[in-house]
There are 2 protein chains.
Amino acid sequence: MNKKMISEEEMQIWHMWKSSYKRIFGRVVKDMFEKTGLSEGDFGILDRLDLFGKGKLRQQELADSMDWTKSRLSHHLTRMEKRGLVLREPIKTERGVQVITTSAGKSALEDARPVVSMAIREYFLDLLTEQDIESITTLAERTKAKSSSACNTPPS
Amino acid sequence: MNKKMISEEEMQIWHMWKSSYKRIFGRVVKDMFEKTGLSEGDFGILDRLDLFGKGKLRQQELADSMDWTKSRLSHHLTRMEKRGLVLREPIKTERGVQVITTSAGKSALEDARPVVSMAIREYFLDLLTEQDIESITTLAERTKAKSSSACNTPPS
DNA sequence: ATCTTTTGGTTGACACGTCAACCAAAATTT
DNA sequence: AAATTTTGGTTGACGTGTCAACCAAAAGAT
């Protein structure tokens with residue numbers, strides 16, 4: 001319960017962290033977009049359709065795997081459908097919609113994979129020391145932990 | 001010039017890094033928005049108007065200090081003006097526009113400062129080890145450096 | 001003095017996200 | 001069986017960002 005405002009230096013850490021992220025992430029995304037026409041969302045969707053579903057997946061499944069709301073995914077798919085990357089098809093046997101990668105979608109994904117890979121290496125991995133990697137890994141644990149421990153009201 | 005695709009583990013580092021950022025940043029921004037009604041952009045603008053300009057600044061100056069395009073700032077100010085947080089006023093002596101914090105803007109800023117401070121501490125600083133801080137600091141240097149050294153074509 | 005470029009700013013179109021409202025088909029309750 | 005809740009998905013409004021086109025005032029060039 002530390003009520004003191006954070007210091008100038010602490011604020012600097014925050015700013016450095018934010019701007020590093022934005023620079024690196026921006027470079028990767030921009031590279032991918034310029035070279036393949038895919039956004040991060042597009043890539044994530046096509047990637048999961050390929051890996052988890054061999055080209056098709058139920059919409060809700062897809063949303064869960066990306067940690068997206070159904071609304072967000074619905075909007076995004078509408079745009080991707082318009083561009084011919086995926087199509088939606090009602091499921092006969094049960095409720096729900098199948099999302100299917102088109103051939104254009106498949107080839108866009110195949111084009112993008114190496115580009116993304118190279119960009120992540122160049123703009124991110126190449127900048128990291130062993131220590132950085134350790135930091136990233138452990139911080140990720142700690143952030144995940146934080147989600148489940150917002151215990152103002154302890155479990156009954 | 002490493003042409004090999006990155007490994008599964010390397011991709012994991014990337015994903016961990018992204019999701020840590022998104023979680024932490026999301027928490028801070030959400031907290032601020034829920035408690036004060038200000039977005040990150042709003043806060044940045046009001047903060048700079050206060051620190052650099054004692055309540056007023058030329059639009060382009062402001063844009064530069066935030067590393068925003070003039071277009072982005074123009075759009076954002078239009079929205080903030082509608083909400084009564086700032087106002088724009090042509091400069092008589094020279095070309096350009098003064099951005100001025102309204103009293104509503106000032107008080108929103110004063111309300112937000114401690115909230116932001118606390119959120120950054122709780123969701124970010126409290127999670128960091130000394131090592132993490134060192135990593136963040138040095139990585140920031142390295143990312144900044146990378147910007148100026150995209151030398152496929154060396155300077156003439 | 002006129003022509004050109006730079007500077008400061010706006011605007012419209014569109015991608016991306018969130019939120020809340022809505023809808024219909026299951027699945028459960030009662 | 002009828003009423004209720006949950007689930008899967010869409011939609012519209014609006015905040016946020018980018019890009020390109022536009023505009024006018026200022027500064028420089030010829």
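Letters go in sequence order (proteins before strands), and every chain restarts at 1.
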Step-by-step side chain to side chain contact (heavy atoms under 4.5 Å, CB included) determination, Lys70(A) to Gln60(A):
CA-CA 7 Å; Lys70(A) 52 192 182 158; Gln60(A) 190 58 48; 3.9 Å; yes

Test side chain to side chain contact (heavy atoms under 4.5 Å, CB included) on Asp50(B) and Thr101(B) and set out the steps.
CA-CA 8 Å; Asp50(B) 186 43; Thr101(B) 311; 6.0 Å; no

Close side-chain approach of Val99(A) to Leu73(A), heavy-atom, < 4.5 Å:
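With C-beta onward as the side chain, the pair stays apart.
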
Whole angstrom is fine here: how far is it from [atom1] in [X] over to [atom2] in [N]?
X	N	atom1	atom2	result
Asp42(B)	dG15(D)	CG	C1'	10 Å
Gln60(B)	dG8(C)	CD	P	5 Å
Phe25(A)	dC16(C)	CZ	P	12 Å
Ile91(A)	dT7(D)	CD1	P	17 Å
Phe33(A)	dC14(C)	CZ	P	14 Å
Leu62(A)	dT7(D)	CG	P	19 Å
Arg95(B)	dG8(C)	CZ	P	6 Å
Arg58(B)	dT10(C)	CZ	P	12 Å

Among dG8(D), dG9(C), dC16(C), the nucleotide that comes nearest once only the side chain of Ser39(A) is considered:
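Selected nucleotide: dC16(C).
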
Among the candidates dT10(C), dT16(D), dA25(C), find the nucleotide nearest to the side-chain atoms of Arg88(B).
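Ranking dT10(C), dT16(D), dA25(C) by closest atom to the Arg88(B) side chain puts dT10(C) first.
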
Can you check whether Gln59(B) has a side-chain N or O nearer than 4.0 Å to OP1 or OP2 of dT10(C)?
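Yes, such a contact exists.
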
Looking only at heavy atoms, what is the nearest atom pair of Leu62(B) and Leu57(B), with distance?
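In this case the closest contact between Leu62(B) and Leu57(B) is CD1-CD1, 4.0 Å.
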
Tell me the closest heavy-atom pair linking Gly37(A) and Arg83(A), and the distance in Å.
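So the minimum-distance heavy-atom pair works out to O-NH2, 3.2 Å.
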
Using a 4.0 Å cut-off on heavy atoms, which residues in residues 66-81 of chain B reach DNA chain C? List them by number, or say none.
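Of all residues in residues 66-81 of chain B, the ones placing a heavy atom under 4.0 Å from DNA chain C are Lys70(B), Ser71(B), Ser74(B), His75(B).
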
Let me know, please, whether Glu94(A) or Lys82(A) comes out on the 5' side of the other along DNA chain C by nearest nucleotide.
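Its nucleotide being nearer the 5' end, the pick is Lys82(A).
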
Is Arg83(A) touching bases, backbone alone, or none of the nucleic acid, heavy atoms closer than 4.0 Å?
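The answer is nothing, as Arg83(A) stays clear of every strand by at least 4.0 Å.
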
Quick one: on DNA chain D, does Gly41(B) or Gln98(A) contact a more 5' nucleotide (nearest heavy atom)?
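Its nucleotide being nearer the 5' end, the pick is Gln98(A).
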
Would you kindly compare Thr93(B) and Gly96(A) by the position of their nearest DNA chain D nucleotide and give the one closer to the 5′ end?
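With Thr93(B) and Gly96(A) compared, the 5'-side residue is Gly96(A).
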
Does the distance from a Lys or Arg side-chain N to an Asp or Glu carboxylate O, for Lys18(A) and Glu40(B), drop under 4.0 Å?
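Yes, Lys18(A) and Glu40(B) are salt-bridged.
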
In plain terms, say whether Asp67(B) and Lys22(A) are close enough for a salt bridge, that is, a side-chain N and a carboxylate O under 4.0 Å apart.
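No, Asp67(B) and Lys22(A) are not salt-bridged.
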
